[in-house]
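Atoms within a ligand are numbered from 1 in the order they appear, just like the ligands themselves.
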Amino acid sequence: MPHENIIWRPPGDKSISQRATFLTSLAEGTSRISGLLWSEDTINNLKSLKQSGVQIKTVGEDVLISGVGKYGYHTGNKSVNLGNSATSSRIMLALLCGQRGCFRVDGNQVLRRRPMSWIVESLRDMGAKIEWEGETGYLPVDVTGALLKGRHHRIRVSSAQAVSALLFAALLADNPTRIYRKTKARDHTERLFNYFGFNLVDTGDYLELTPPNKILALDLSVPGDVSSAAFLVGLVAMQRNPGLSLTVKDVNLNPTRTGFLDVIRRMGADIDVLEQGTVCGEPIGKVVIRSGRKLKGVTIAGDAFVQSMIDEIPIIAAVAATAEGETVILDAHELADKDTDRAFTTIELLRQFGISARSIDGGLIIPPGPFSSPGTVTVPNDHRIAMVAMIIASCCAQETIIHNWDVVRVSFPGFLDEFNRIGHAVADSELKLWGPHSLEEVGV
Ligand code: S3P
């Protein structure tokens, strides 16, 4: 096949985009954010801020956020709906607890199934007034703003969202807040707070934030999302024919997020990762992945290591099915609290494509392929499972019809275009591809 070298900048990082908009909304003055992710999750995030009185304007692809100060949110309709986004809902809930007024926080059917108890308990401990509107532990909730008190928290879940929501609440508290993490997971909030110059101490044992009197506006750049990049990097790594190379540029290389890159290197993929600098406290650089290597199964374990690839487990599982030998993934209990129970939905998907994947306590075992198309698949409401389904389908000899694939809009609305750009290069290696033509043919 002809040599193909594709250069690509992934969409903005979802986690950083959400944190950047929340933080600048609390500032005094206008901040410009470039490189923001434009997807369903971030649009719901911006919508909720607008409903809270924050002025938002766009300039080309950039967004201008006119902050309202630490306690300046108000809500015209008293209700914010964060759609699908657990990160946004948990941070927004924390922020509304410290505002003046009454609010209601809700989400779509997927978000209404995500647990909220652990964050609500910690916020209540800070003096927050939160009532469950329906089932205990789940959205929607009613919030009456209160003066939050600085407290010591011991987090019992391995979740960056738990730490982040409390750090945001801590900005509004009367005294320092101390947080003992269960596991160090993605630390974007910590890095952003440091970039803003806040008094945040990380002893390794705990984090302690002394709330700033006020927050000053600051322009921000969001690096490319390494989790979105992982799907296409994975797709190239899965190709046995040499000649295809993908360069991912301007991508976030924060070590709390790059476990996937380490894993596929250990599997034997031909990959180079080059750090090129920092943007707003986040390391960025490029990743070059080349097709043509035989891969081998690996064992993945350790709380912090697994957290560094927690959103990439479905694509790791797909890559693993093209390797020689089994891959074992342990310490991944947190997968149960994703858009779906992702250990379960990943196994289900692989099984539909002929791989006898199975679950073990808090993990998965993935034996080698080959993939075979089931003909038709309906993916659950989980963007990451949908993208993996498309990737696996492209590796099958037969065509696959995928229903509900457009749930990719949650994090990566342009996925189909990028997938096809690489897909066509893969087609040169004589793999039969599923593509938009197939969708049109079946009227999806
Ligand atoms: C996120 C943290 C992770 C991740 C999610 C985004 C964040 O969830 O799965 O996609 O932005 O903080 P947990 O914090 O629940 O692990």
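Geometrically, ligand 1 and Asp337 share no nitrogen or oxygen pair separated by less than 3.5 Å. Polar contact check, Ser164 against ligand 1: no nitrogen or oxygen pair lies under 3.5 Å apart. Considering backbone and side-chain N/O of Ala162, none are found under 3.5 Å from N/O of ligand 1. Polar contact check, Gln18 against ligand 1: no nitrogen or oxygen pair lies under 3.5 Å apart. At least one N/O-N/O distance between Ser159 and ligand 1 falls below 3.5 Å.
In this structure, atom 12 (O) of ligand 1 lies nearest to the protein heavy atom Arg19 NH2, 2.6 Å. Among protein heavy atoms, atom 11 (O) of ligand 1 sits closest to Ser15 OG, 2.7 Å.
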| field | ring pair (Phe, Tyr, Trp, His ring centres under 6.0 Å) assessment of Phe168 paired with Phe193 | value | CA-CA 9 Å; Phe168 272 94; Phe193 281 18; 5.3 Å; yes
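A distance-only check finds no donor-acceptor pair linking the side chain of Ser85 to the backbone of Leu82 [under 3.5 Å]. Side-chain atoms of Thr327 come within 3.5 Å of backbone atoms of Val298 as a donor-acceptor pair (strictly under, hydrogens ignored).
At a threshold of 4.0 Å, the pair Lys338-Asp341 does not count as salt-bridged, since none of the basic side-chain nitrogens sits closer than that to a carboxylate oxygen.
When Asp311, Ile313, Thr189 are ranked by how near their heavy atoms come to atom 4 (C) of ligand 1, first place goes to Asp311. Here atom 16 (O) of ligand 1 lies nearest to Lys338 when heavy atoms of Glu334, Lys14, Glu312, Lys338 are compared.
Thr21 is listed as a side-chain neighbour of Ile33, based on a closest heavy-atom distance under 4.5 Å.
Judged by the shortest distance from any of its heavy atoms, Gln307 lies inside the 4.0 Å radius around the atoms of ligand 1.
Qualifying salt bridge (Lys or Arg N to Asp or Glu O under 4.0 Å) partners for Glu121, counting only residues two or more places apart in sequence or in other chains: Arg156.
Closest approach of Phe22 and Ser88 over heavy atoms only: CZ-O, 3.5 Å.
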